[in-house]
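Heads up: the structure comes next, in structure tokens.
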Amino acid sequence: MFALVDCNNFYASCERLFRPDLHNKPILVLSNNDGCVIARSNEAKALGIGMGEPYFKVKSLCNQYQVHIFSSNFMLYGDLSARVMSVIEDSWPHCEIYSIDEAFIDLSTLPVAQHEVFCEQLQKRILKETGIPTSIGIGRTKTLAKIANFIAKKELKTPVFNICNQFEWLNRLPVNEVWGIGRQLHRHLLHMGIYTVADLAAADKQLLKNKFSVVVMRTAMELAGIPCNGLDVREARKSILASRSFGTMITEFSELSEAVSMHCARAYEKLRSEKQLVRHMQVFVRTNRFRDDLAQHNVTMDFNLINPTDDLRCLTSLAKQGLKKIFKQGYYYKKAGVCFNDLISRDSVQLDLFNQPDEEKLAHKDRLMNAMDAINQRYGRKAIALAAQNFNPRWAAHSDLRSPCYTTRWSELALINT
DNA sequence: TCTGGGGTCCTAGGACCC
DNA sequence: TCTGGGGTCCTAGGACCC
């Protein structure tokens, strides 16, 4: 038995937490560059504003209905997420943090009669201790718990819903609400006459495997109540991506180079915090895909590193060399990024027989990187950096509507007037 | 004018091995 | 003219997720 705890309109709820005046008011949270809608309060959903819609398309509607707009503030959301997750982990020993706003819990060791009461209490405790509203779905499998959560949130608007013995719901929900069924699969399933969740649960499993994949087969089995997935144990990350769209389009190599250097530094930060080394790296640039009137140039450059590394100087220098090879004069660039792949734990490095690293240099590198990290940890992210970066670039993304980092920066604490 | 970012998993096909 | 069987590993691309 599984339960899925899912925060309601998570980013919008985070923004509202420190703005009680926005209770019952429509709220939107925007993506980087204030580009697209990535979260909506219920009031904003009621206005017909879609998920992922470009902000400029709904801007006038927002003005008309006085929708409160926020640039995204992931520092805040990440911190509040950690609070929610710690309450869940403190309440039950068998948990899997699935995303920034969701966690599965395995209820198998709890008597069936107590499932709903336990989840109701958990929901109340999270609300009380963090201020974040959640919905909880209960089911025989993770996929059913997901569906139950959907019913709780969207259909019944109750804090907790247990789908066991209430399978008639599966006939009423369209198959694309199922976890793992996206746009393409939905299209194919419709052609096969599979319209509802119940249709998929009853479909021929071998046929699904042959026609699609083992993943779709497992999904259908889970809907039929046969568990194929347990709680996942958190494993080391397999890739780290850092990329951003620019606030304005870029034509100069020097500016692209600054951007790529910045992305290296951001990816490096994650790499170091996870104690991993890079064996493969990509650097890429993109033009604006929405501008049919402009020539397009989207390229990626790959590198294999003979000796795995976490040396920011080395990674940045490589990325810049790659950029030099793929950069072409005369294009309007909209986005750039780097991706670290084929990561390996710092503790288990396989050395190359023919390219032994210089031990002394390696030790020197470690001291330098450790010192850099320590300085940035103590004095803030931008305290020390490679000169290749530019902290005040002309091309920085727009985020004019960002709320304060209420819970992570002393200088931005909420003020209370008495 | 304005259109996000960061991940995972699976499969088919090619290259290679004996 | 006729040309096997059984594997592994890697990669690109596509699908999905939040």
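Just so we're on the same page: letters track the sequence lines, and every chain starts at 1. Please read these numbers as outputs of a predicted model, since none were measured by experiment.
Atom CG of Asp293(A) and atom C1' of dT1(B) are 12 Å apart (whole Å). Lys211(A) places its NZ atom 16 Å from the C1' atom of dG14(C), with the value rounded to the nearest Å. What separates CG of Asn229(A) from P of dC9(B) is a distance of 11 Å, to the nearest Å. Between Met217(A) atom CE and dC10(B) atom P the separation is 11 Å, expressed in whole Å. As a whole-Å value, the separation of Asn33(A) CG from dT1(B) P is 17 Å. For Ile38(A) and dG4(B), the CD1 to C1' distance is 7 Å, given to the nearest whole Å. One interatomic measurement links the two molecules: NE2 of His398(A) to C1' of dG4(B), which rounds to 14 Å at whole-angstrom precision. At whole-Å resolution of the value, CD1 in Ile49(A) and P in dT3(B) are 18 Å apart.
Using a 4.0 Å cut-off between a side-chain N of Lys or Arg and a carboxylate O of Asp or Glu, Lys142(A) and Glu222(A) do not qualify as a salt bridge. The residues Asp310(A) and Lys365(A) are annotated as salt-bridged, a charged nitrogen and a carboxylate oxygen being separated by less than 4.0 angstrom. Ion pair Glu43(A)/Arg16(A) flagged as a salt bridge, since at least one NZ, NE, NH1 or NH2 atom sits closer than 4.0 Å to an Asp/Glu carboxylate oxygen.
Aromatic rings of Phe70(A) and Tyr11(A) (six-membered ring for Trp) have centroids beyond the 6.0 Å cut-off, not under it.
Annotation: side chain to side chain donor-acceptor pair (under 3.5 Å) contacts involving residues 235-249 of chain A, sequence neighbours excluded, comprise Arg237(A)-Glu274(A).
One finds no side-chain N or O of Arg187(A) lying less than 4.0 angstrom from the OP1 or OP2 phosphate oxygen of dC16(C). Contact between the side-chain N/O atoms of Lys334(A) and the OP1/OP2 oxygens of dT3(B) is found at a separation under 4.0 Å.
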Could you pull out the protein-nucleic contacts involving nucleotides 11-13 of chain C (nitrogen or oxygen on both sides, under 3.5 Å)?
none

Below 3.5 Å between N/O atoms, which protein atoms pair up with nucleotides 5-8 of chain B? Just atom names and distances, please.
{"residue": "dG5(B)", "atom": "OP1", "partner": "Asn32(A)", "partner atom": "ND2", "Å": "2.8"}
{"residue": "dG5(B)", "atom": "OP1", "partner": "Ser245(A)", "partner atom": "N", "Å": "2.5"}
{"residue": "dG5(B)", "atom": "OP2", "partner": "Ser245(A)", "partner atom": "OG", "Å": "3.1"}
{"residue": "dG5(B)", "atom": "OP2", "partner": "Lys335(A)", "partner atom": "NZ", "Å": "2.9"}
{"residue": "dG5(B)", "atom": "O3'", "partner": "Arg244(A)", "partner atom": "NH1", "Å": "3.0"}
{"residue": "dG6(B)", "atom": "OP1", "partner": "Arg244(A)", "partner atom": "NH1", "Å": "3.3"}
{"residue": "dG6(B)", "atom": "OP1", "partner": "Arg266(A)", "partner atom": "NH2", "Å": "3.2"}
{"residue": "dG6(B)", "atom": "OP2", "partner": "Ser243(A)", "partner atom": "N", "Å": "2.7"}
{"residue": "dG6(B)", "atom": "OP2", "partner": "Ser243(A)", "partner atom": "O", "Å": "3.0"}
{"residue": "dG6(B)", "atom": "OP2", "partner": "Ser243(A)", "partner atom": "OG", "Å": "2.9"}
{"residue": "dG7(B)", "atom": "OP1", "partner": "Arg237(A)", "partner atom": "NH1", "Å": "2.7"}
{"residue": "dG7(B)", "atom": "OP1", "partner": "Lys270(A)", "partner atom": "NZ", "Å": "3.1"}
{"residue": "dG7(B)", "atom": "OP2", "partner": "Leu241(A)", "partner atom": "N", "Å": "2.5"}
{"residue": "dG7(B)", "atom": "O5'", "partner": "Arg237(A)", "partner atom": "NH1", "Å": "3.2"}
{"residue": "dT8(B)", "atom": "OP1", "partner": "Lys238(A)", "partner atom": "N", "Å": "3.0"}
{"residue": "dT8(B)", "atom": "OP2", "partner": "Ser239(A)", "partner atom": "OG", "Å": "3.0"}

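Sequence order on DNA chain B of the closest nucleotides to Val214(A) and Gly247(A) puts Gly247(A) first from the 5' end.
Looking at Ser81(A), its side chain does come within 3.5 Å of a backbone N or O of Ile100(A) through a donor-acceptor pair.
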Let me have DNA chain B in dot-bracket notation, would you? Count Watson-Crick plus G-U wobble pairs, both distances under 3.5 Å, and use [ ] for pairs crossing earlier ones and | for inter-strand partners. ....||||||||||||||
Can you list, pair by pair, the side-chain donor-acceptor contacts under 3.5 Å of residues 156-182 of chain A, counting residues two or more places apart and other chains?
{"residue": "Lys157(A)", "atom": "NZ", "partner": "Lys154(A)", "partner atom": "O", "Å": "3.2"}
{"residue": "Thr158(A)", "atom": "OG1", "partner": "Val160(A)", "partner atom": "O", "Å": "3.2"}
{"residue": "Asn162(A)", "atom": "OD1", "partner": "Cys164(A)", "partner atom": "N", "Å": "3.0"}
{"residue": "Asn162(A)", "atom": "ND2", "partner": "Glu116(A)", "partner atom": "OE2", "Å": "3.0"}
{"residue": "Trp179(A)", "atom": "NE1", "partner": "Tyr98(A)", "partner atom": "OH", "Å": "3.2"}

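Contacts between residues 97-104 of chain A and DNA chain C, counted as heavy-atom distances below 4.0 Å, involve Tyr98(A), Ser99(A), Asp101(A), Glu102(A).
No hydrogens or angles considered: a donor-acceptor pair under 3.5 Å links the side chains of Asp34(A) and Ser71(A).
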